Amino acid sequence: MIAIFAAMRPEVATCLGSIGQYTESETGGFPLIEAQDITICQTGIGPRSRQAAEAVISSRSPGVVLSIGVAGGLAPHVTAGEVVVCGRIDHESHRADGREESVFSDERLIEVALAAGKGLSLPMSRGASLTVDEAAWGPAEKSAHHSWKAHDIVEMESFWIGEAAASHDVPFLCARTISDTA
């Protein structure tokens with residue numbers, strides 16, 4: 001079973017066109033959509049995504065965890081509409097205290113995602129993500145975020161979802177569509 005985590009209803013809705021019939025339920029207070037071997041969880045924005053991931057992973061035992069949705073571009077080469085598959089995900093709080101506690105996407109899943117995107121002629125790249133607790137607005141703030149470890153994108157959930165997946169030893173992938181550039 002694949003568990004897909006997305007923060008907002010429009011992000012969840014993008015998954016529905018390809019899954020056919022589904023049922024709606026919830027676990028741990030988080031809305032779920034379930035169909036065949038797919039569970040889609042709407043996490044809400046920010047750190048609460050960790051609780052959503054823990055609830056779903058514990059109750060559904062997925063074989064793969066995906067963090068999807070929109071993200072802001074941090075690197076100058078990232079363009080709006082591009083899908084960035086992230087190998088490394090860091091959290092902004094680790095910058096101040098010097099911790100090196102990244103989470104990582106599964107290399108096999110990265111390869112599969114990039115190959116699928118290429119087959120569909122989607123604009124895709126491999127990059128790194130910075131998870132923040134508050135939205136990053138404007139070029140100056142984005143430049144400051146990019147200056148630490150040269151992250152390509154900024155979003156608000158993937159670190160927490162990846163950390164939950166790692167604690168359960170479940171392969172994880174972060175893939176985000178860029179909504180705005182650096």
Side-chain angles (χ1 to χ4, degrees), residues 1-72 83-91 101-117 119-120 122 124-133 151-179:
M1 190 265 286
I2 299 171
I4 302 171
F5 296 91
M8 301 177 289
R9 184 70 183 172
E11 294 168 333
V12 169
T14 62
C15 301
L16 301 182
S18 61
I19 65 169
Q21 292 185 327
Y22 59 87
T23 59
E24 295 186 50
S25 63
E26 70 173 47
T27 191
F30 296 96
L32 297 181
I33 292 175
E34 298 181 90
Q36 300 162 7
D37 289 336
I38 299 171
T39 297
I40 305 166
C41 177
Q42 182 179 338
T43 65
I45 296 172
R48 64 180 267 136
S49 58
R50 167 123 179 137
Q51 289 79 30
E54 283 290 342
V56 172
I57 294 169
S58 295
S59 67
R60 302 300 194 277
S61 301
V64 173
V65 167
L66 306 178
S67 174
I68 66 158
V70 297
V83 177
V84 178
V85 178
C86 298
R88 184 186 85 240
I89 302 94
D90 295 298
H91 191 272
E101 294 180 17
S102 303
V103 295
F104 298 92
S105 289
D106 181 87
E107 286 297 324
R108 282 178 313 142
L109 294 175
I110 292 171
E111 290 173 17
V112 168
L114 290 172
L120 295 168
L122 294 175
M124 291 187 75
S125 65
R126 181 181 176 139
S129 179
L130 177 63
T131 299
V132 297
D133 291 338
H151 297 94
D152 298 287
I153 69 170
V154 60
E155 43 75 26
M156 298 178 71
E157 299 82 27
S158 294
F159 179 83
W160 305 115
I161 295 164
E163 191 175 61
S167 73
H168 290 272
D169 201 28
V170 178
F172 164 74
L173 178 69
C174 170
R176 297 296 182 127
T177 303
I178 304 308
S179 61

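Only a predicted model underlies this, so the values are computations on that prediction, with no experimental measurement involved. In what follows, residues are counted from 1 in the order of the sequence shown.
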- prompt: Would Val85 and Ser105 count as a side chain to side chain contact (heavy atoms under 4.5 Å, CB included) if you check the C-alpha gap in whole Å, the side-chain angles of each, and the deciding distance to 0.1 Å?
  reply: CA-CA 9 Å; Val85 178; Ser105 289; 5.7 Å; no
Evaluation steps, side chain to side chain contact (heavy atoms under 4.5 Å, CB included), between Glu11 and Gln42: CA-CA 8 Å; Glu11 294 168 333; Gln42 182 179 338; over 6 Å; no
- prompt: Would Ser167 and Glu54 satisfy side chain to side chain contact (heavy atoms under 4.5 Å, CB included), going step by step from the backbone distance to the final call?
  reply: CA-CA 9 Å; Ser167 73; Glu54 283 290 342; 3.4 Å; yes
- request: Evaluate side chain to side chain contact (heavy atoms under 4.5 Å, CB included) for Ile40 paired with Ile19, printing each intermediate quantity in order.
  value: CA-CA 10 Å; Ile40 305 166; Ile19 65 169; 4.1 Å; yes
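When Val65, Val103, Ile57, Ile4 are each tested for a side chain to side chain contact (heavy atoms under 4.5 Å, CB included) with Ile161, only one passes: Val65. Here the rule is side chain to side chain contact (heavy atoms under 4.5 Å, CB included) with Glu155, and of Ile45, Val70, Leu130, Ile89 only Ile89 fits it.
A donor-acceptor pair is defined here as one N or O able to donate and one able to accept, closer than 3.5 Å; such a pair exists between the side chain of Ser49 and the backbone of Gly46. Counting only distance, with no hydrogens or angles, the side chain of Ser179 and the backbone of Ala71 share a donor-acceptor pair below 3.5 Å. In terms of modelled atom types and a separation under 3.5 Å, the side chain of Thr27 and the main chain of Val56 share no donor-acceptor contact.
For the residue pair Arg176/Ser158, the side-chain donor-acceptor check at 3.5 Å is satisfied. A donor and an acceptor atom, one from each side chain of Glu157 and Ser67, are nowhere located under 3.5 Å apart.
For Glu101, the CD atom sits in a packed shell: over 12 heavy atoms of surrounding residues, nucleotides or ligands are nearer than 6.0 Å.
Residues Val112 and Leu173 form no side-chain contact, since every pair of their non-hydrogen atoms from C-beta on lies 4.5 Å or further apart. Between Ile68 and Cys15 the shortest side-chain heavy-atom distance falls below 4.5 Å. For the pair Arg60/Glu34, a side-chain contact is recorded, criterion being any heavy-atom separation below 4.5 Å from C-beta on. The closest side-chain heavy-atom distance from Trp160 to His91 is below 4.5 Å. Side-chain contact between Asp152 and Ser125: absent, with no pair of heavy atoms (C-beta onward) separated by less than 4.5 Å.
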